[in-house]
Amino acid sequence: MHKIVRTDTLAPSMFLMEVEAPKIAEKRKAGQFIILRIDEKGERVPFTVADSDTKRGTITLIYQVVGKTTAQMSSLRAGDSLLDICGPLGQPTHIEKFGTVCCIGGGTGIAIAYPIAKSLGQAGNKVLSILGARTKELLFYENEVRAISNELLICTDDGSYGQKGLVTDMLKQLIDRGEQLKLVVAIGPVPMMKFVARMTKEYNIHTIVSLNPIMIDGSGMCGCCRVSVGGATKFVCVDGPEFDAHQVDFELLTKRLASYREKEAQAYDMYKHACKIGRG
Amino acid sequence: MDPKEKMKIPRQKMPEQKPEVRRGNFQEVPFGYPEETAMLEAKRCLQCKKPGCMKGCPVEVKIPDFIRLIAEGDHWGAIKKIKETNSLPAVCGRVCPQESQCESMCIVGKKAEPVAVGRLERFVADLERKSGKVSKPQIAPPTGKRVAVVGSGPSGLTVAGDLSRMGHKVVIFEALHKAGGVLVYGIPEFRLPKEIVQAEINFLQDIGIEVECNTVIGKADTLDELLNNGFDAVFVGTGAGAPIFMNIPGENLIGVYSANEYLTRSNLMKAYLFPEYDTPILTSKVVVVVGGGNVAMDSARTALRLGANEVHLVYRRSKEEMPARTEEAHHAEEEGVIFDLLTNPLRYIGDDKGKLVAVECQKMELGEPDQSGRRRPVPIKGSEFQLAIDTAIVAIGNGPNPLVPSTTPDLKLNRKGNIEADLRNCKTSKRGVFAGGDIVRGAATVILAMGDGKVSARSIDAYLKDPAWWDLPTPEPEPQPEKAPKATKKPE
Ligand SMILES: Cc1cc2nc3c(=O)[nH]c(=O)nc-3n(C[C@H](O)[C@H](O)[C@H](O)COP(=O)(O)OP(=O)(O)OC[C@H]3O[C@@H](n4cnc5c(N)ncnc54)[C@H](O)[C@@H]3O)c2cc1C
């Protein structure tokens, strides 16, 4: 059992949960993830560790409510518990001094880009960060990311905050003004990662993305999370979650993410219905 | 009763659910022997002076002794006798390939059908469990030594049980949220009820073993960290848990599963109870299962129970070569699984959403024997055909899980990535580290994994008493690693 010590709402349908997991807090490195199960009937769901606090023995998870499990998570409060947390899992981000690097976070991807940007900064890189969201109220972690970046660019699709535009427009600005980017880290919705990859390929800038397929065990046992990278099948849980963006088959990832769309909708509807009845 | 009379008693059938009924539920297929049937079956045993059956048992169960006790009506004595050497009788009585082990060497079997050793073992094990009066073994006084067991499959459970009886403190580390290895995530409820595995785990916890689930060794702690942080020895029993795909086109389409994924969803995550349980599994109409082993049979029978209209088992050799237990293949056929033998998939075909809609297969014929001694399947030119399907389950085998080896550079591996261990004592190339079960043998059997667990417990005990034991030469020649034995045909 893992006690939840803090919950927070970061944006509409975007939440933070800080939960006790002392061993994972100690071991985890940037880029790694955990798999949790809320209760005995719950599914196993992966979340990248956004932050950890070894003194408090906690890890922080950031998630968007997209279905039953995340909705149920958002109903939990400090003092409640999660039944299982397994981790850390996956390969940590390869961190070294590259020179100038650009870290791009979109949506919940901001939560994953943050620890990577932080580690890259600590390794002596010049970190240029880009945060993107559909609209102002979906942005979070602005101060956190600003604090660990040499420069932060913000954009929203509707122009309600920062510049109006997409993260690729911001990236283009950096390239155009002559930044010698040695590495781009792009983490966010699949289409965002795909478009960043397309642009950086043109400029020949090494780019990594963190993938979020459906998983079960997280230890390479089931193969549910397989993706195609450079034409070869990889298991994201053990070979990833980060891959060379220019090699990833994003179409396949998108399709496989939709494998259980109908069943997921059914489970979510039943949950919402049960909540309504519960509230009377 | 004299031997002649004994030989006249026919092998007793075990009552089971009818195929039409059981293909619609996940309850266990056989009901087990009633007492009088068990006693009658036990009377068939000739009580050989030199029992062949025992030679066929990797954990040396005193088979004639326990069977005699059943025949005499002393069922409690019988279970005690089994447990002297086998800590998981309710499991073995269900899933061991007796037809190629103990029962294959039964003298009665030379003239008539062999004594049903497995069914008798199951009978007394169930009797004990259902009574709730599981006797606790003698535990030696604490030695102060600590052993880490990585993986909670049958090898890990056996080594843990034996070592704690010897007075050592054991902590089992398991990657999944439930202990039991393949027994919980792979083998389905209808063949091995999970309550039985749980009872065994509870028993081990009762005798003082700690089980730390959700801990992936190699990611959480490495073997070196375990050895440097208070463990005097480590046993690695991480199994053969990495699914093998065929690398043919279309294997990443939605609807193509590894058997591990399909079975894990259904067994461990209870997807068959969706939406009561959260984990979904595809609802299928026509399913193809590729392979001919127990894993393929379990997948095919699970697919039927999940409501598929039609389940095909596609296997590239003939029925004779199938590695599955005879009983399992028989059960699958009875339930309506269609065997497409001498057939091999070439590619999977999908629609624009990436969903599987068909498989293209090729017919095969048998050529010359290959390395495994089985006749090699050779494609027949021009025999390609397509089958409209919505689910495919790839059950062609599992490789070793690489997480421990990849973080333990001084652990020697063989060509296939299995840990190298001397099967006489289960020593690896790394001091203080022992290994057994599927991570050493490649996908084999429960009982062989348990046998390795037993050997390891003895070795670890010797090593803990005197670390110099590690450097002693091992006398006899090293035996060849025994693979999962191929089922020999025995009529039921
Ligand atoms: C579907 C199926 C049906 C089968 N049917 C039969 C049958 O009828 N009869 C029979 O005799 N055999 C059968 N087998 C084979 C048999 O189950 C195996 O040979 C046996 O379970 C091997 O035992 P093991 O102890 O080596 O490991 P496993 O049972 O494979 O267990 C290994 C455990 O280690 C854990 N693990 C792996 N890596 C790590 C890590 N890094 N850290 C912590 N934990 C880790 C895994 O999660 C797993 O729980 C079947 C196998 C399958 C898959």
Side-chain angles (χ1 to χ4, degrees), chain A residues 2 21 23-24 26-28 32 34-45 67-69 72 83-91 214 216-228 232-233 235 238 249 251-252 254-264 266-267 269-271, chain B residues 174-178 182 185-186 212-221 225 238-245 247 251-265 268-271 273-283 350 352-355 394 398-399 401-403 406:
Chain A
H2 299 265
K23 279 194 183 155
I24 302 174
E26 200 183 294
K27 287 270 168 185
R28 57 73 57 162
Q32 289 189 301
I34 55 99
I35 287 190
L36 64 78
R37 211 166 61 119
I38 300 177
D39 56 29
E40 194 49 47
K41 294 182 176 175
E43 54 184 341
R44 292 173 65 99
V45 200
K68 194 224 154 175
T69 299
Q72 195 182 345
L83 183 57
D84 300 303
I85 303 182
C86 177
L89 297 168
Q91 306 289 341
I214 303 172
I216 307 177
D217 65 292
S219 61
M221 185 269 279
C222 81
C224 171
C225 63
R226 56 199 194 277
V227 289
S228 175
T233 294
F235 290 5
V238 288
D249 181 344
E251 304 316 315
L252 180 70
T254 307
K255 283 174 181 164
R256 286 187 64 83
L257 277 166
S259 296
Y260 297 99
R261 186 141 294 165
E262 283 157 34
K263 300 227 170 191
E264 284 161 357
Q266 181 193 352
D269 286 345
M270 280 179 58
Y271 176 75
Chain B
E174 168 54 49
L176 294 169
H177 58 259
K178 259 204 184 82
V182 169
Y185 80 72
E212 280 200 29
C213 286
N214 296 311
T215 309
V216 180
I217 298 302
K219 288 287 164 194
D221 280 321
E225 285 169 311
T238 47
I244 296 172
F245 286 91
N247 280 321
E251 261 179 330
N252 292 336
L253 290 165
I254 299 169
V256 183
Y257 286 100
S258 75
N260 281 2
E261 181 186 348
Y262 197 73
L263 292 170
T264 301
R265 281 183 182 273
L268 180 71
M269 306 309 298
K270 303 231 179 308
L273 297 174
F274 179 88
E276 186 198 341
Y277 280 71
D278 289 345
T279 304
I281 195 162
L282 292 178
T283 310
D352 56 351
K353 295 209 171 71
K355 285 196 178 141
V394 184
N398 283 302
N401 188 308
L403 287 182
S406 68

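In the text below, chain A, chain B and the rest are named by the order of the sequence lines, each starting its count at 1. Remember, it's a predicted structure, so these values are computed and weren't measured experimentally.
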Spatial distance of atom CD1 (A:I38) from atom CG (B:D278) [nearest 0.5 Å]: 7.5 Å

B:N214 CG to A:I24 CD1 distance, which is reported to the nearest 0.5 Å: 8.0 Å

Interface moiety of A:R44 toward chain B, non-hydrogen atoms closer than 4.5 Å: both

Side chain / backbone / both / neither for A:T254 at chain B, heavy atoms under 4.5 Å: neither

Atom group of B:L263 that falls short of 4.5 Å from chain A, counting heavy atoms: neither

Contacting moiety of B:E251, where chain A heavy atoms sit under 4.5 Å: backbone

SG on A:C224 to CG on B:N260, rounded to 0.5 Å: 11.5 Å

Note, A:K27 side chain near B:D221 side chain (heavy atom, < 4.5 Å): yes

Pick from A:K263, A:E262, A:Q91 with the largest number of heavy-atom pairs that fall under 4.5 Å of chain B: A:K263

Part of B:Y185 within contact of chain A (heavy atom distance under 4.5 Å): side chain

Contact class of A:I85 relative to chain B, heavy atoms under 4.5 angstrom: backbone

More than 12 heavy atoms from other groups under 6.0 Å of NZ on A:K23: no

Atom pair CD (B:E276) and NZ (A:K41), whose distance is rounded to the nearest 0.5 Å: 3.5 Å

Pairs of heavy atoms under 4.5 Å with chain B: top-ranked of A:K68, A:Q32, A:R28, A:R37: A:R37

Distance in Å, A:L36 CG paired with B:H177 NE2, rounded so as to fall on 0.5 Å steps: 12.0 Å

A:I214 side, atom CD1; B:I254 side, atom CD1 - distance, nearest 0.5 Å: 8.0 Å

Chain A contact via B:L273 - which portion, at a heavy-atom distance below 4.5 Å: neither

Chain A contact via B:E174 - which portion, at a heavy-atom distance below 4.5 Å: neither

Heavy-atom contact with chain A under 4.5 Å, split by part of B:L176: both

Heavy-atom contact with chain B under 4.5 Å, split by part of A:Y271: neither

Region of B:T283 in contact with chain A, defined by heavy-atom distances below 4.5 Å: both

Choice from B:N398, B:L282, B:T215, B:V216 maximising heavy atom contacts with chain A below 4.5 Å: B:L282

Distance-only donor-acceptor check, side chains A:S219 and B:K219, under 3.5 Å: no

Segment of B:N401 engaging chain A (4.5 angstrom heavy-atom cut-off): side chain

Non-hydrogen side-chain atoms of B:T264 and A:D217 separated by less than 4.5 Å: no

Any residue meeting side chain to side chain donor-acceptor pair (under 3.5 Å) with B:Y257, in chain and number order, not counting sequence neighbours: A:Y260

Closest heavy-atom pair and its distance - B:A220, A:P88: CA-CD, 4.3 Å

Contact winner vs chain A - B:M269, B:E261, B:K270, heavy-atom pairs under 4.5 Å: B:E261

Top of B:P280, B:G218, B:G354, B:C213 for chain A proximity - count of heavy-atom pairs under 4.5 angstrom: B:P280

Side chain / backbone / both / neither for A:E40 at chain B, heavy atoms under 4.5 Å: both

Residue A:R256 versus chain B: region with a heavy atom under 4.5 Å: both

For B:P243 against A:G223, the heavy-atom pair lying closest together: CG-N, 4.2 Å

Residue B:N247 versus chain A: region with a heavy atom under 4.5 Å: neither

